2 protein chains.
Amino acid sequence: MAGLTLRELAARLDISVGTVSRALSGDPAIALKTRERVTEAARQYGYVPNMAARQLVSGRSGFVGFVMPVRGPNFIDSYLGEFLTGLGEGLVEHGMDLFIATVPAGRSELSVLRHVVESGRADGVVVPRIGEADERLAYLLERKFPFVAHGRMLDSSAAFNWLDADSVSAFGEIFDLLYDLGHRHFGLVSISDPMTFRHLRERGLRDAISRRGDPNVILDVASAPRFDRGATVAAVNSLIHAERRPTAMIGLFDELALTIMEEASRAGLSIPRDLSVVGFDNITAAAYAPPGLTTFEAHTRESAREIAGMLVTIIEKKPASPLTKLIAPKLVARASHGPVPGPVGKL
Amino acid sequence: MAGLTLRELAARLDISVGTVSRALSGDPAIALKTRERVTEAARQYGYVPNMAARQLVSGRSGFVGFVMPVRGPNFIDSYLGEFLTGLGEGLVEHGMDLFIATVPAGRSELSVLRHVVESGRADGVVVPRIGEADERLAYLLERKFPFVAHGRMLDSSAAFNWLDADSVSAFGEIFDLLYDLGHRHFGLVSISDPMTFRHLRERGLRDAISRRGDPNVILDVASAPRFDRGATVAAVNSLIHAERRPTAMIGLFDELALTIMEEASRAGLSIPRDLSVVGFDNITAAAYAPPGLTTFEAHTRESAREIAGMLVTIIEKKPASPLTKLIAPKLVARASHGPVPGPVGKL
DNA sequence: GATCGATTTTAAAACGTTTGCAATCATCCT
DNA sequence: AGGATGATTGCAAACGTTTTAAAATCGATC
């Protein structure tokens, strides 16, 4: 729109356009003196290269795409907010920018992704929240388009680039923590959606239980569709008001754990005296909701930053084997968990 | 990178490139039959135009830029999350995309904005959270670059495009609500930063007080820098533990109101029995924090959507006079406010 | 002083669109 | 029939870069 073009700059310097272009890119074939002269002039006249032209010839846009997941009437949640922040931070370190494509009402997320990829507006994309049979992954793989997923598949056979929280071991840690506090009856509030993280987290819990080998351990699970508040409340209450109520309840992620705390309070239970509650993700509200939710910091922001770095590597270096990375979550012990209530509690 | 080009499509159809281009753009100069034939072929072969090329000739990028405000160690907050969602939704309705530029550590927000503008990667920008003497506005105005601000200046003389919540009247409404419940001693927790919304909201409160003309009304104000949690807590407590404590406290925005509720609980006060608390913004946590924060829905998401529409109009139509719009916030009455405590309360 | 190499620069072809203008073609009017 | 008119379509330039291949310049050597 504004500034002067390469041609004009070249005219002022009485040098050919090609030379100026090379000089600015630091090509050593151009004499050092010329390079300096050009750089200085560019700075002085405030030359800014036209990205469209550059992109047209180089085939690279300098953008990384992100398709904003559609979630009914909801907003960017905690996870997405942190993720986007980290992504932006990571990308800017590599001189890349972030391009956000929103899914219009009535169109599928995949079709938007397709458009992002095929319009050439992005050099790579980041795919959050992997599903069990994720069509986005299938598309990108078939298309051989650079991408990094946040989350992984259940079997490690699928070869693609991903970064994920090590939720398997984290949920094992949750179990051990609560078991050591005397808890034997556990309630898990989960989701019914086909997201892989659901299975990984449940697996972490179950593995830890069988590792312990205590036949007295009981695990009750109640699920509801994600973002369906009514069903979630119902699922929570089915556990809270069960004939034998669990002494420790775990939310698959913090939003669920917070709902557990709410409903428990409503039922007149005191936390953690009557019921221990643990979540996962460490969203902001976890610190605010009394008495403070014990949860795991999933390092979402740093993960996104790391993902940005991985993606840039993939775009530029095209490594032969897929890049994968596990991030260890960290326990954030607040006040929502404690020893098992009642006469039992052999501490 | 991928798909077929206009030239290839034209070759397959045995038609000139120009005609195909026109046909796809729906130019009525092209015979309807040809147009249909081309459209069909494009669909079938999965033709996707190369944006870089289009941008190069049209001079328009199809992007709207947004510089992510830097906020210390923090993430995207509630406001930003809703705002971005709405912006994305609004833009996609007009066939535009969102380009997010993150401010790298050590660089100023203005320098990033400057880069966005001058690289030609955006056709317009959205500027959130206006400051008293906002250098971003000064730059954009001087540069005559299309933009819409969320928030306005204190004097309406500055001519630029903006949309803002009518917080003046909303804070008047808060006062009236509480006054009618018998409250006479008010505490306002505010910020010390030079944001215009701070003054507008305070003005709304003060105007309502003087409108009422009751000499018994007292307003105590305590301020702290935004995002400085320690100072905020101190400010809140200076009011809570004052010799004469206000019976009703107002947070300039929900985060502050939530802090008031927390500290009040810590001080053993019951809400709303001992203290009424009201906020502004209706962030998600406001519904969760017991007993439920009474606040105002600021319609952030819809505002952003509206802003997107305004910006597109500005980019395309270049209207002569600035576009401005006030959005009326709506009271969300929850359980954190009630009648003035004690023997007084003439209801 | 011409020739060979090495160094430096230039010219021109791409990249994939859009768009003004020219060319073609059928149709209509007198 | 002969233009004239209007509807379609084709041609080619332009957008601002990067980059390949070739040309120009320069020093130095024989």
Side-chain angles (χ1 to χ4, degrees), chain A residues 1-39 41-42 45-63 95 115 117-123 316, chain B residues 1-39 41-42 45-63 95 97 117-123 316:
Chain A
M1 167 118 285
L4 80 175
T5 113
L6 205 53
R7 191 198 314 272
E8 288 163 355
L9 185 60
R12 283 204 227 263
L13 286 164
D14 199 29
I15 278 185
S16 85
V17 195
T19 307
V20 176
S21 171
R22 284 169 147 71
L24 288 176
S25 74
D27 187 336
I30 301 296
L32 182 60
K33 220 181 64 180
T34 322
R35 258 185 291 165
E36 283 172 344
R37 198 161 66 96
V38 172
T39 317
Y45 292 124
Y47 167 74
V48 180
N50 178 313
M51 289 305 178
R54 177 175 287 181
Q55 176 179 347
L56 182 57
V57 44
S58 74
R60 282 192 39 192
S61 66
F63 276 115
H115 190 264
V117 168
E118 286 166 18
S119 66
R121 294 175 84 127
D123 303 331
E316 288 175 354
Chain B
M1 163 121 284
L4 85 174
T5 109
L6 205 53
R7 192 199 314 272
E8 289 163 354
L9 185 59
R12 283 204 227 264
L13 287 162
D14 200 29
I15 278 186
S16 85
V17 195
T19 305
V20 176
S21 170
R22 286 173 150 78
L24 288 176
S25 75
D27 187 334
I30 302 296
L32 184 58
K33 218 181 64 179
T34 324
R35 258 185 289 167
E36 283 171 346
R37 197 161 67 97
V38 172
T39 317
Y45 291 124
Y47 167 75
V48 180
N50 179 312
M51 289 305 179
R54 179 174 286 182
Q55 176 179 347
L56 182 57
V57 45
S58 74
R60 283 190 39 193
S61 67
F63 276 116
D97 281 308
V117 168
E118 284 166 20
S119 66
R121 291 173 83 120
D123 303 331
E316 288 175 354

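Order of the sequence lines sets the chain letters (A, B, ...), proteins ahead of strands, with each chain counted from 1. None of the values given here were measured: they were computed from a predicted structure.
- Atom CG of B:Asn50 and atom P of C:dA14 are 17 Å apart (whole Å).
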### Message
Quick one, B:Asn50 with B:Arg54, criterion side chain to side chain contact (heavy atoms under 4.5 Å, CB included). Give me CA distance, side-chain angles, the key distance, then yes/no.
### Response
CA-CA 6 Å; B:Asn50 179 312; B:Arg54 179 174 286 182; over 6 Å; no
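- Between A:Val57 and A:Thr19, the residue whose closest nucleotide on DNA chain C is further toward the 5' end is A:Thr19.
- For B:Leu6 and C:dT19, the CG to P distance is 12 Å, given to the nearest whole Å.
- Judged by distance alone, with hydrogens and angles left aside, B:Arg7 brings no side-chain donor or acceptor close enough to the base of D:dG10 to form a pair under 3.5 Å.
- In this structure, the CG atom of B:Leu24 is 8 Å from the P atom of C:dT18, given to the nearest Å.
- Checking the phosphate oxygens (OP1, OP2) of D:dT17, a side-chain nitrogen or oxygen of A:Tyr47 falls inside 4.0 Å.
- Heavy-atom distances to DNA chain D give each of B:Pro28 and B:Ser58 a nearest nucleotide, and the one nearer the 5′ end belongs to B:Pro28.
- Of the residues in residues 29-37 of chain A, those placing a heavy atom less than 4.0 Å from an atom of DNA chain C are A:Ala29, A:Ile30, A:Ala31, A:Thr34, in numerical order.
- Side-chain nitrogen and oxygen atoms of A:Ser21 include at least one within less than 4.0 Å of the OP1 or OP2 phosphate oxygen of D:dT18.
- Distance CZ (B:Arg60) to C1' (D:dG16): 19 Å, rounded to an integer number of Å.
- One interatomic measurement links the two molecules: CG of B:Asp27 to C1' of C:dG20, which rounds to 12 Å at whole-angstrom precision.
- The CZ-P distance, from A:Arg54 to C:dG16, rounds to 18 Å in whole Å.
- Between the side chain of B:Arg22 and the backbone N or O of B:Asp27, no donor-acceptor pair lies under 3.5 Å.
- With A:Thr39 contributing its side chain and A:Arg35 its backbone, the two residues share a donor-acceptor pair below 3.5 Å.
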### Task
Apply side chain to side chain contact (heavy atoms under 4.5 Å, CB included) to B:Glu316 and B:Arg60, showing your working.
CA-CA 10 Å; B:Glu316 288 175 354; B:Arg60 283 190 39 193; 3.7 Å; yes
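- Whole-Å rounding puts the B:Arg22 CZ to D:dT8 C1' distance at 10 Å.
- Taking the side chain of B:Pro49 as heavy atoms from C-beta on, and the options D:dG16, C:dT17, D:dG10, the nearest nucleotide is C:dT17.
- Side-chain atoms of B:Gln55 and B:Ser61, non-hydrogen and from C-beta on, do get closer than 4.5 Å to each other.
- The main-chain N or O of A:Thr5 is found under 3.5 Å from a side-chain atom of A:Glu8 such that the two form a donor-acceptor pair.
- Side chains of B:Leu24 and B:Tyr47 form a contact here, defined as non-hydrogen atoms less than 4.5 Å apart.
- What separates CD1 of A:Ile15 from C1' of D:dA24 is a distance of 15 Å, to the nearest Å.
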